[in-house]
Amino acid sequence: MHSANLKDTRQIRFYPEDPLPRGEIILLGTIHRAPILSSPLREILSKIRPRIITVEISPLSLRRRREKESQWLRQFDELSSRLPDHLARSPALSLFREALRLPYEWRVAEETASSLGIKAVPVDLNRFARPHLKTLEGLLTPAGVEEIARGLVNPLEKEWALAVLSLRNRLVSSSSEDARREEHVARRITLLRERPLVHICGWRHLPGLMKLLPRAEGVFFSPPQKFK
């Protein structure tokens with residue numbers, strides 16, 4: 001089994017190499033702004049058939065993105081269309097455009113919840129979402145979009161490799177902000193009574209949340225074959 005042992009002997013499983021857990025709380029780690037994961041995420045949810053899904057997004061961020069997504073995307077597309085060709089092809093632009101959308105994690109969770117007749121619940125903290133949203137919106141200027149286009153981004157396979165290495169070798173540490181967010185999310189999950197519960201979050205939160213939720217089991221995705 002290709003799994004990462006935690007100190008309390010629980011394991012982070014790597015789907016589909018490892019079988020999915022059958023516990024009451026399943027923490028499903030993802031890579032943000034990687035909609036390539038929509039399909040396997042949907043597949044896991046359909047196999048687990050949870051009674052409730054929670055997602056790493058705050059109520060404020062969800063509300064704001066619903067209101068502004070179309071406007072933000074129109075602004076971004078217009079601004080990026082003015083860039084010279086060598087900048088318009090920058091991978092950083094695609095990544096930033098995805099950041100302006102409702103996260104694919106929420107889109108898949110909401111779609112699955114609707115099909116199962118259950119709830120999808122945003123459980124992150126509003127206080128940290130507010131400055132992040134302000135920063136995103138503030139970059140929707142000619143200078144901001146050009147700055148994004150000139151930036152460098154790691155290929156997805158590098159992020160995946162980092163995630164697998166970190167999770168298998170217990171190399172993930174939480175910042176003070178992450179720790180506060182994880183404590184809040186753990187409390188929210190504990191208060192929700194429906195089981196099984198699946199929580200969808202960034203992979204870096206898996207170890208911290210597993211420490212706070214002794215009965216939770218963690219899952220991450222095996223790298224696609226083309227990355228190996």
Report the C-alpha separation of Arg66 and Glu110 in whole Å, then their side-chain angles, then the decisive distance to 0.1 Å, and conclude whether the salt bridge (Lys or Arg N to Asp or Glu O under 4.0 Å) test is met.
CA-CA 13 Å; Arg66 285 195 194 281; Glu110 189 172 46; 2.7 Å; yes
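- Cation-pi check for Arg168 over Phe220 is not met; the charged atom does not lie both under 6.0 angstrom from the ring centroid and within 45 degrees of its normal.
- Hydrophobic clustering (ILVMFWY, side-chain heavy atoms < 4.5 Å, transitive): Leu20 and Leu167 are in one cluster.
- Judged by distance alone, the side chain of Ser166 and the main-chain N or O of Leu162 form a donor-acceptor pair under 3.5 Å.
- Counting only N and O atoms by type, the side chains of Trp203 and Glu159 include a donor and acceptor under 3.5 Å apart.
- Counting heavy-atom neighbours within 6.0 Å of Glu147 CD, excluding the residue itself, gives a total of 12 or less.
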Please assess Glu43 against Tyr15 for the test side chain to side chain donor-acceptor pair (under 3.5 Å), listing each intermediate value before the final yes or no.
CA-CA 10 Å; Glu43 179 181 320; Tyr15 179 84; 2.2 Å; yes
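- Across all their heavy atoms, Leu45 and Pro50 have their closest contact at O-CD, 3.4 Å.
- Around the CG atom of Leu152, the shell of radius 6.0 Å holds no more than 12 heavy atoms that belong to other residues, nucleotides or ligands.
- Here the straight-line distance linking atom CG of Leu41 with atom CD1 of Ile31 works out to 12.0 Å at 0.5 Å rounding.
- Remark: the backbone N or O of Gly218 is not paired with any side-chain donor or acceptor of Arg13 at under 3.5 angstrom.
- Looking at heavy atoms from C-beta onward, Ser70 lies out of side-chain contact with Leu73 at the 4.5 angstrom threshold.
- Atom CZ of residue Arg130 and atom CG of residue Leu125 lie 10.5 Å apart, to the nearest 0.5 angstrom.
- Trp72 is not connected to Leu62 by any chain of hydrophobic side-chain contacts under 4.5 Å among Ile, Leu, Val, Met, Phe, Trp and Tyr, and they are in different clusters.
- Hydrophobic clustering of Ile, Leu, Val, Met, Phe, Trp and Tyr side chains at less than 4.5 Å, counting indirect connections, unites Leu192 with Leu28.
- Contact of the Asp178 side chain with the His205 side chain is registered, since non-hydrogen atoms from C-beta on lie closer than 4.5 Å.
- For the pair Leu83 and Glu146, the minimum side-chain heavy-atom distance is below 4.5 Å.
- Minimum interatomic distance between Arg193 and Thr190 (heavy atoms only, all atoms of both residues): NH1-O, 3.5 Å.
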Evaluate the side chain to side chain contact (heavy atoms under 4.5 Å, CB included) criterion for residues Arg74 and Glu78: first the C-alpha distance (whole Å), next the side-chain angles of each, then the deciding distance (0.1 Å), finally the verdict.
CA-CA 6 Å; Arg74 282 197 305 271; Glu78 180 182 349; over 6 Å; no
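- Within the 4.5 Å cutoff, side-chain heavy atoms of Lys158 are placed close to those of Pro155.
- The closest donor-acceptor contact from the side chain of Thr112 to the backbone of Ala109 lies at 3.5 Å or more, if one exists at all.
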May I have the step-by-step check of side chain to side chain contact (heavy atoms under 4.5 Å, CB included) for Ile53 and Lys119, ending in yes or no?
CA-CA 6 Å; Ile53 304 169; Lys119 294 188 296 183; over 6 Å; no
For a side chain to side chain contact (heavy atoms under 4.5 Å, CB included) check, start with the C-alpha distance between Gln75 and Thr141, then their side-chain angles and the critical distance, and finish with the verdict.
CA-CA 8 Å; Gln75 286 180 258; Thr141 65; over 6 Å; no
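- Around the CZ atom of Arg82, the shell of radius 6.0 Å holds more than 12 heavy atoms that belong to other residues, nucleotides or ligands.
- In terms of hydrophobic clustering, with Ile, Leu, Val, Met, Phe, Trp and Tyr side chains grouped at heavy-atom distances under 4.5 Å, Leu116 and Ile25 are assigned to a common cluster.
- In terms of hydrophobic clustering, with Ile, Leu, Val, Met, Phe, Trp and Tyr side chains grouped at heavy-atom distances under 4.5 Å, Leu60 and Ile57 are assigned to different clusters.
- Remark: the Glu105 side chain and the His32 side chain contain an N/O donor-acceptor pair separated by less than 3.5 Å.
- Taking all atoms of both residues into account, the shortest heavy-atom contact from Phe221 to Ile44 is CE2-CD1, 3.6 Å.
- Considering only heavy atoms from C-beta on, Glu98 stays 4.5 Å or farther from Leu95 through its side chain.
- Considering every non-hydrogen atom in both Leu27 and Leu209, the closest pair reads CD1-CB, 3.7 Å.
- Side-chain N or O atoms of Glu56 include one that pairs as donor or acceptor with a backbone N or O of Gly202 at under 3.5 Å.
- The environment of CZ in Arg180 is crowded: more than 12 heavy-atom neighbours from other residues, nucleotides or ligands sit within 6.0 Å.
- Using a 4.5 Å cut-off on side-chain heavy atoms (C-beta onward), Leu197 and Glu24 make no contact.
- A distance-only check finds no donor-acceptor pair linking the side chain of Arg51 to the backbone of Ile118 [under 3.5 Å].
- The two atoms that bring Leu156 and Ile36 nearest to each other are CD2-CG2, 3.6 Å, heavy atoms only.
- Panel note: side chain Arg107, backbone Leu102; a donor-acceptor pair is recorded below 3.5 Å.
- In terms of heavy-atom proximity, Ala99 sits nearest to Leu136 at O-CD1, 3.6 Å.
- Between atom CZ of residue Arg195 and atom CZ of residue Arg215 there is a gap of 8.0 Å, rounded to the nearest 0.5 Å.
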As a quick check of understanding, evaluate side chain to side chain contact (heavy atoms under 4.5 Å, CB included) for Val198 and Ile52, giving each step before the final call.
CA-CA 7 Å; Val198 172; Ile52 191 168; over 6 Å; no
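- A side-chain donor-acceptor contact under 3.5 Å links Thr135 to the backbone of Pro131.
- Aromatic ring centres of Phe96 and Phe76 lie closer together than 6.0 Å.
- In this structure, Leu79 CG and Leu93 CG are separated by 10.5 Å, a value rounded to the nearest 0.5 Å.
- Without hydrogens or angle criteria, Thr30 side chain to Cys201 main chain gives a donor-acceptor distance under 3.5 Å.
- Separation of atoms NZ (Lys47) and CZ (Arg42) is listed at 14.0 Å; rounding is to 0.5 Å.
- With hydrogens and angles ignored, the 3.5 Å screen pairs a side-chain donor or acceptor of Arg65 with a backbone N or O of Arg101.
- Here the side chains of Arg181 and Asp124 are in contact, with some heavy-atom distance below 4.5 Å.
- Expressed to the nearest 0.5 Å, how far CG of Leu87 lies from OG of Ser80 amounts to 11.0 Å.
- Residues Lys211 and Glu182 are not paired through a salt bridge, judged by the lack of any N-O separation under 4.0 Å between the basic side chain and the carboxylate.
- At least one donor-acceptor pair under 3.5 Å links the side chain of Ser90 to the backbone N or O of Ala149.
- Using a 4.5 Å cut-off on side-chain heavy atoms (C-beta onward), Met210 and Ile12 make contact.
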